[in-house]
K.L.:
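Please read through the structure below; I'll follow up with questions.
The figures that follow rest on heavy atoms only: side chains count, while hydrogens, waters and symmetry mates do not.
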Amino acid sequence: MNMLHLRHAWCLFFKSLPATLILVGSGCGEPGSESVASTAEDSGSAPTMEGSADLPVWFKEDALGRGLRFQLEATLAETPRLPEIVPGGGAAFDFDDDGWMDVVLLQATGEGGSRLFRNLGEGRFEDVTNGSGLEGNGFGMGAATGDYDQDGDVDLFVSNFGPDQLFRNEGGGRFTDVTSVAGVGHSGFGASATFFDGDQDGDLDLFVTNYVDWSEPIELECRNRTGRLDYCPPVRYESPTSDVLHRNNGDGTFTDVSVESGIAGSHGTGLGVVARDFNGDGLPDVFVANDGMPDHLWMNRGSLRFEEQAMKLGCDRDLSGVAKAGMGVSSEDVDDDGDPDLIVCNLGGESDSFYLNDGSRFLDATNRAGLGSASRHFTRFGLGFIDFDNDGRLDLYAANGRVGASDDPDARDPYAEPDLLLRGDGDRFRVVAPAGGVASAPARTSRGAIFADFDNDGGQDVVVQDLGAPVRLLLNVVRDRGNWLTVDVRNRSGAPAIGAKVRFDLGDRTLTRWVHTDSSYLTAQDHRVHAGLGELRVIPEVEIVWRDGSVRRFQNIEAGRILKVLPEAD
């Protein structure tokens, strides 16, 4: 779909829905309105609720009590500017390799202010930013983590509105900005990024999504139906851009191979990204969620050559042919058939797009999975397929927040929305009450969601970045959680083995998970692979397959532990 068609769709949509605001997304509706894509949706009935507000909560918010003190700010001017409404990045990563997941939170003022928090143990944090080398970031957008230089510790890449940055982990809580030497300081409107070994040479390459070719001179004036100045949708700027692929040269430097790889051949408005081997050929592919344009699926043809195949494989837009406002992405094996499935979250008035991977193409299963009516009432950003109750079935969490102001003149935050938590039973997802699994939680303008087990108790926790509000740490307090096993897979240098596959034989079925740090929105996740086991106390077999083909198998593993595994010595 070209930009002329997109602009025409915007005009038709805006004229036909008087209650709808001008939005930063693709413009397919706000909560309570019908979507342009309604022909592909279910009846629009109220979401099926799992329990009620008086049932036990799933999370307890305790950021301040645990030492996470941070507030995301992004105001650039007195009137709305596009970059202000989309930031909210950060990462969970064990920068000191002590077995506890630390946190970095990105500030978006353009004046620095990002913060590094060391996990002191059991999910209690200390701000160790000063002297770390991470004090002076610019307008921070997204984070990616991985050991790019193969020295055994985890490095940090930050995409910015402006030149991107790469920070080499020197150990001892210190990082060095090596952007210029490494050659990854692309200047644009960076968003989500991922480290992955695209050419199978043993080191990590870097894929960076870019949002819009925006600058102050092209800013527009947009108003909602009440006449209030508001944020413009990206299609109004008519400035899509291309993403960037950096090849790791193996010597601490990268080469921009966006053109020769094919990545620069298709423009978009990239916000979310995941790298997975979607077709099982042994090569990691890349999926990009575009805001208001067809999504991209870059199939890896070897030697860092990619072919865009989203339309052919059925995951570029919804069943009615509408390109939605793709933002956050998650990819896990939801149906337990051994290959990675996909979900893309979208704008209010649109549903999520949930694609099941059948090995040869993707099937839109949004409605039969119960995600049509449940998701369309909110604008979703950070999200993840995570087994929060450890029953062996993946649940879904979405961090929500509008991009067009509500009509309520008394709203303290006109962009705030409650988050969304859905429990998976293997066939459908059902909305959990209270909203977001937290009791009496005020609505926020939520963006990035970071998933990790911060207190190492086997329950997956969430850090949520909220615009103009303190960060939230949602600790997992699900009653009667099932048993669990977490596998910490490392490579030969001792760093997280990104791209490795872990299979859990549960007797009656097999869970397949991958070592990754990408997914969600602008954030990097816990690299450790978690499996909920229900009542199972001993796992018959766990198999780990590394990217180089190395395999290790363990039999009769007791549940309730973190198992650290390295490849066998040659």
K.L.:
Keeping Arg428 on the side-chain end and Arg368 on the backbone end, is there a donor-acceptor pair under 3.5 Å?
P.N.:
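Side chain of Arg428 to backbone of Arg368, a donor-acceptor pair under 3.5 Å: yes, one is there.
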K.L.:
Can you list the steps and then say if Leu297 with Phe287 is a side-chain contact (heavy atoms from CB on, under 4.5 Å)?
P.N.:
CA-CA 4 Å; Leu297 178 57; Phe287 179 87; 4.1 Å; yes
K.L.:
Find the distance between CZ (Arg513) and NE2 (His530) and round it off to the nearest 0.5 Å.
P.N.:
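It is 9.0 Å, given to the nearest 0.5 Å.
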K.L.:
If only side-chain N and O atoms count, and only distance matters, is there a donor-acceptor pair under 3.5 Å linking Glu219 with Trp214?
P.N.:
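Short answer, yes.
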K.L.:
Do Asp387 and Gln460 make a side-chain contact, defined as non-hydrogen atoms from C-beta onward lying under 4.5 Å apart?
P.N.:
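No, every pair of side-chain atoms sits at 4.5 Å or beyond.
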K.L.:
Is Asp333 close to Trp514 at the side-chain level, that is, under 4.5 Å between some pair of heavy atoms?
P.N.:
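Trp514 reaches Asp333 side chain to side chain.
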K.L.:
Is there a side-chain contact between Ile498 and Asp197, using heavy atoms and a 4.5 Å cut-off?
P.N.:
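Result no, sub-4.5 Å side-chain heavy-atom pair not found.
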K.L.:
I need the minimum non-hydrogen distance between Pro284 and Gly198, along with the two atoms involved.
P.N.:
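Closest pair (atom of Pro284, atom of Gly198, distance): CG-CA, 4.0 Å.
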K.L.:
Given Arg276, which partner from the list Asp339, Asp518, Asp285, Thr194 fulfils the side-chain hydrogen bond (donor to acceptor under 3.5 Å, both in side chains) test?
P.N.:
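Exactly one candidate clears the test, Asp518.
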K.L.:
Side chains of Val273 and Val286: does their closest heavy-atom pair fall under 4.5 Å?
P.N.:
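Counting from C-beta outward, Val273 and Val286 do come under 4.5 Å.
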K.L.:
Run the side-chain hydrogen bond (donor to acceptor under 3.5 Å, both in side chains) test against Arg503 and tell me which residues pass, sequence neighbours left out.
P.N.:
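Per chain and number, Arg503 pairs via side-chain hydrogen bond (donor to acceptor under 3.5 Å, both in side chains) with Glu543.
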K.L.:
Less than 4.5 Å apart, side chain to side chain, heavy atoms only: is that true for Met299 and Asn279?
P.N.:
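SC-SC contact between Met299 and Asn279 confirmed.
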K.L.:
Side chains of Asn210 and Thr241: do they bring a donor and an acceptor to under 3.5 Å?
P.N.:
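No.
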K.L.:
Looking at Ala325 and Leu347, what are the two nearest heavy atoms and their distance?
P.N.:
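Closest approach of Ala325 to Leu347, heavy atoms only: CB-CB, 3.7 Å.
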K.L.:
Side chains of Asp466 and Thr445 only: does a donor on one sit below 3.5 Å from an acceptor on the other?
P.N.:
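Result is no, nothing qualifies.
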K.L.:
Any donor-acceptor pair under 3.5 Å linking the side chain of Gln107 with the backbone of Glu73?
P.N.:
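Side chain of Gln107 to backbone of Glu73, a donor-acceptor pair under 3.5 Å: yes, one is there.
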K.L.:
Roughly how far, to the nearest 0.5 Å, is the CZ atom of Arg305 from the OG atom of Ser261?
P.N.:
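Spacing of OG (Ser261) from CZ (Arg305) equals 8.0 Å.
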K.L.:
If I take atom CD1 from residue Ile386 and atom CG from residue Asp395, how far apart are they, to the nearest 0.5 angstrom?
P.N.:
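The CD1 atom of Ile386 sits 9.0 Å away from the CG atom of Asp395.
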K.L.:
Can you find a pair of side-chain heavy atoms, one from Cys232 and one from Leu82, that are under 4.5 Å apart?
P.N.:
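The answer is no; the side chains never approach within 4.5 Å.
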K.L.:
Is a side-chain donor or acceptor of Asp177 paired with a backbone partner of Thr179 at a separation under 3.5 angstrom?
P.N.:
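Yes; at least one donor-acceptor contact below 3.5 Å.
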K.L.:
Do the side chain of Ser520 and the main chain of Ala449 share a donor and acceptor less than 3.5 angstrom apart?
P.N.:
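Such a contact is found between Ser520 side chain and Ala449 backbone.
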K.L.:
Is the shortest distance from a Lys or Arg side-chain nitrogen in Lys324 or Asp352 to a carboxylate oxygen in the other one below 4.0 Å?
P.N.:
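Result for this pair is no, no salt bridge flagged.
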K.L.:
Going through the distances and angles, do Leu522 and Gln465 end up as a side-chain contact (heavy atoms from CB on, under 4.5 Å)?
P.N.:
CA-CA 10 Å; Leu522 303 181; Gln465 279 270 58; over 6 Å; no
K.L.:
Without swapping roles, check the side chain of Ser242 against the backbone of His267 for a donor-acceptor pair under 3.5 Å.
P.N.:
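No.
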K.L.:
May I ask you to decide if Thr145's main-chain N or O and Thr517's side chain share a donor-acceptor pair within less than 3.5 Å?
P.N.:
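Pair found, side chain donor or acceptor close to backbone of Thr145.
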K.L.:
Indicate the atoms forming the closest heavy-atom contact of Ala144 with Ala524, along with that distance.
P.N.:
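Closest approach of Ala144 to Ala524: CA-CB, 4.3 Å.
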K.L.:
Evaluate side-chain contact (heavy atoms from CB on, under 4.5 Å) for Val403 paired with Tyr231, printing each intermediate quantity in order.
P.N.:
CA-CA 7 Å; Val403 290; Tyr231 296 100; 5.8 Å; no
K.L.:
Determine whether a donor-acceptor pair (N or O, by modelled atom type, separation under 3.5 Å) exists between the side chain of Ser159 and the backbone of Ala191.
P.N.:
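Yes.
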K.L.:
Roughly how far apart are Asp316 CG and Met293 CE, rounded to 0.5 Å?
P.N.:
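Answer for the CG-CE pair, Asp316 versus Met293, is 11.0 Å.
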K.L.:
Any side-chain heavy atom of Phe362 within less than 4.5 Å of one from Asp364?
P.N.:
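A side-chain contact under 4.5 Å is absent here.
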K.L.:
Calculate, to the nearest 0.5 Å, the distance between atoms OH and CG belonging to Tyr521 and Leu271 respectively.
P.N.:
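Atom-to-atom, Tyr521:OH and Leu271:CG are 5.0 Å apart.
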K.L.:
Please state whether the rings of Phe93 and Phe175 are parallel, tilted or perpendicular, taking 30° and 60° as the class boundaries.
P.N.:
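Answer is tilted, since the angle falls between 30° and 60°.
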K.L.:
Is Asp199 salt-bridged to Arg247, cutoff N-O under 4.0 Å?
P.N.:
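Here Asp199 does not pair with Arg247 in a salt bridge, since their nearest N and O are not under 4.0 Å apart.
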K.L.:
With a 4.5 Å limit on heavy-atom distance, are the side chains of Val212 and Thr269 in contact?
P.N.:
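Yes, their side chains come closer than 4.5 Å.
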K.L.:
Once the angle between the rings of Tyr148 and Phe254 is folded into 0 to 90°, is it parallel (under 30°), tilted (30 to 60°) or perpendicular (over 60°)?
P.N.:
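Answer is tilted, since the angle falls between 30° and 60°.
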K.L.:
Judged by atom type as modelled, is there a donor-acceptor pair below 3.5 Å linking the side chain of Asn346 to the main-chain atoms of Ser351?
P.N.:
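It does hold such a pair.
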K.L.:
Quick one, Phe385 with Ser519, criterion side-chain contact (heavy atoms from CB on, under 4.5 Å). Give me CA distance, side-chain angles, the key distance, then yes/no.
P.N.:
CA-CA 10 Å; Phe385 281 126; Ser519 78; over 6 Å; no
K.L.:
Please tell me whether Tyr211 and Phe161 form a close aromatic pair, meaning their ring centres lie under 6.0 Å apart.
P.N.:
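No - the distance between ring centres of Tyr211 and Phe161 does not fall below the 6.0 Å cut-off.
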K.L.:
How far does OG of Ser375 sit from CG of Asn400, to the nearest 0.5 angstrom?
P.N.:
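Answer for the OG-CG pair, Ser375 versus Asn400, is 9.5 Å.
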K.L.:
Between Arg380 and Glu417, is there a salt bridge with N-O shorter than 4.0 Å?
P.N.:
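Salt bridge between Glu417 and Arg380, a charged N being under 4.0 Å from a carboxylate O: no.
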K.L.:
Mark yes or no for whether Thr209, through its side chain, and Ser192, through its backbone, hold a donor-acceptor pair below 3.5 Å.
P.N.:
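The answer is yes, because a donor-acceptor pair under 3.5 Å joins these two groups.
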K.L.:
Ignoring hydrogens and angles, tell me if any N or O in the side chain of Asn224 forms a donor-acceptor pair with the backbone of Gly404 under 3.5 Å.
P.N.:
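No.
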